[in-house]
Participant: 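Okay, here's the structure, questions in a sec.
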Amino acid sequence: MDYSPIAPLYQLQYQHYTDDLEFYTRLALNYGGPVLELGAGTGRVSRAIARQGVEVWALEPAQQMRKRGAKHTQGLGVKWLAGDMRQLKLKRQFPLIIAPFNALMHLYTLDEQDAMLQGVRAHLEAGGRFAFDVYNPAHIGPQGVLQHEGSYEGTEVFLFQEHHPTAQALLTHYLVDTLSPSGTLKRQRHTLTQRYYTRYELERWLRAFAFDYRLFGGFHKEPLTPESPVLVLEAWKK
Ligand SMILES: C[S@@+](CC[C@H](N)C(=O)[O-])C[C@H]1O[C@@H](n2cnc3c(N)ncnc32)[C@H](O)[C@@H]1O
């Protein structure tokens with residue numbers, strides 16, 4: 001899906017999200033660069049890694065996300081690439097490939113998922129790591145219930161979710177309200193479509209492409225429990 005229309009909202013909502021930064025920067029310091037980030041968004045994670053002095057290649061298809069990302073990482077030497085993780089052709093290998101914060105939830109079919117993992121396998125150095133995190137579907141909340149997501153610099157964000165269990169799809173409908181100085185309310189609507197993964201689906205997928213892996217229920221490498229907010233995977237080629 002094209003993130004360009006929601007780029008300003010994404011940056012407002014998540015620029016201060018830091019739960020995963022230590023996990024990914026530690027991997028970058030351990031495995032070295034260049035690090036390839038797939039779905040680098042507005043550069044939240046790329047920036048944190050580059051600030052540690054590790055080279056980053058940030059792959060992002062949405063032009064408005066890349067534009068914000070380039071600004072956010074200015075002066076840090078991050079290499080921004082327009083590209084699609086389903087069609088990786090970078091003519092080199094990387095010691096670390098990462099896909100933080102649900103980027104893989106934008107692979108909607110088995111063919112898309114397989115094309116992406118095949119590309120990761122081809123671009124990962126022997127002994128290198130592929131790390132990613134996705135939402136734990138055990139936490140899918142109530143459907144159709146309007147929630148106030150937050151207030152961001154004068155913008156009120158509301159959302160409600162639609163869950164399609166047979167498609168393993170989660171649709172998040174955003175209502176973004178901004179009050180102009182003249183008192184006029186402007187409402188924008190956006191829908192984010194994500195495909196979620198179950199734990200054993202991820203494990204079977206990685207095994208099918210000859211990866212070994214460790215699975216965690218959090219960024220401090222906690223075991224997976226029903227309360228875990230995320231599934232965190234660290235994988236390497238057998
Ligand atoms: C939830 S955001 C995560 C952004 C960033 N990784 C972060 O942690 O803040 C998901 C990103 O994946 C990107 N994306 C969606 N489909 C993609 C694809 N096929 N290839 C590469 N990136 C994609 C989106 O444009 C978006 O920037």
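Each residue takes its place number in the sequence, starting with 1. This one's a predicted model, so the numbers in the text were calculated from it and none came from an experiment.
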Participant: Nearest 0.5 Å please: distance from the CH2 atom of Trp57 over to the CG atom of Leu81.
Facilitator: 6.5 Å
Participant: Under the 6.0 Å and 45° cation-pi test, does Arg26 pair with Phe23?
Facilitator: no
Participant: Distance to the ring centre below 6.0 angstrom and angle to the axis at most 45 degrees; does that hold for Arg66 and Trp80?
Facilitator: no
Participant: List for me each residue that meets ring-ring contact (aromatic ring centres under 6.0 Å, His included) alongside Phe211, sequence neighbours excluded, and say none if there are none.
Facilitator: none
Participant: Given the rule in the side-chain contact (heavy atoms from CB on, under 4.5 Å) test, do Leu38 and Met116 qualify, once you have shown the distances and angles that lead to the verdict?
Facilitator: CA-CA 10 Å; Leu38 304 175; Met116 178 267 179; 3.7 Å; yes
Participant: For a quick test of reading the model, state the closest non-hydrogen atom pair linking Gly32 to Val54 and the distance between them.
Facilitator: C-CG1, 4.0 Å
Participant: Is the Tyr196-His163 ring centre distance short of 6.0 angstrom?
Facilitator: yes
Participant: Can you name the ring-ring contact (aromatic ring centres under 6.0 Å, His included) partners of His173, sequence neighbours left out?
Facilitator: Phe160
Participant: Tell me if the centroids of the rings in Tyr197 and Tyr135 come within less than 6.0 Å of each other.
Facilitator: no
Participant: Less than 3.5 Å apart, which donor and acceptor atoms pair up between the side chains of residues 90-99 and the rest of the protein, not counting sequence neighbours?
Facilitator:
unit_1, atom_1, unit_2, atom_2, d
Gln93, NE2, Ala122, O, 3.0
Gln93, NE2, Leu124, O, 3.4

Participant: Any chance NZ of Lys186 has more than 12 other-residue heavy atoms, nucleotides or ligands included, within less than 6.0 Å?
Facilitator: no
Participant: Is the Tyr174 to Phe158 ring centre distance short of 6.0 Å?
Facilitator: no
Participant: Only one of Val134, Asp133, Thr198 forms a side chain to side chain contact (heavy atoms under 4.5 Å, CB included) with Leu231, so which one is it?
Facilitator: Val134
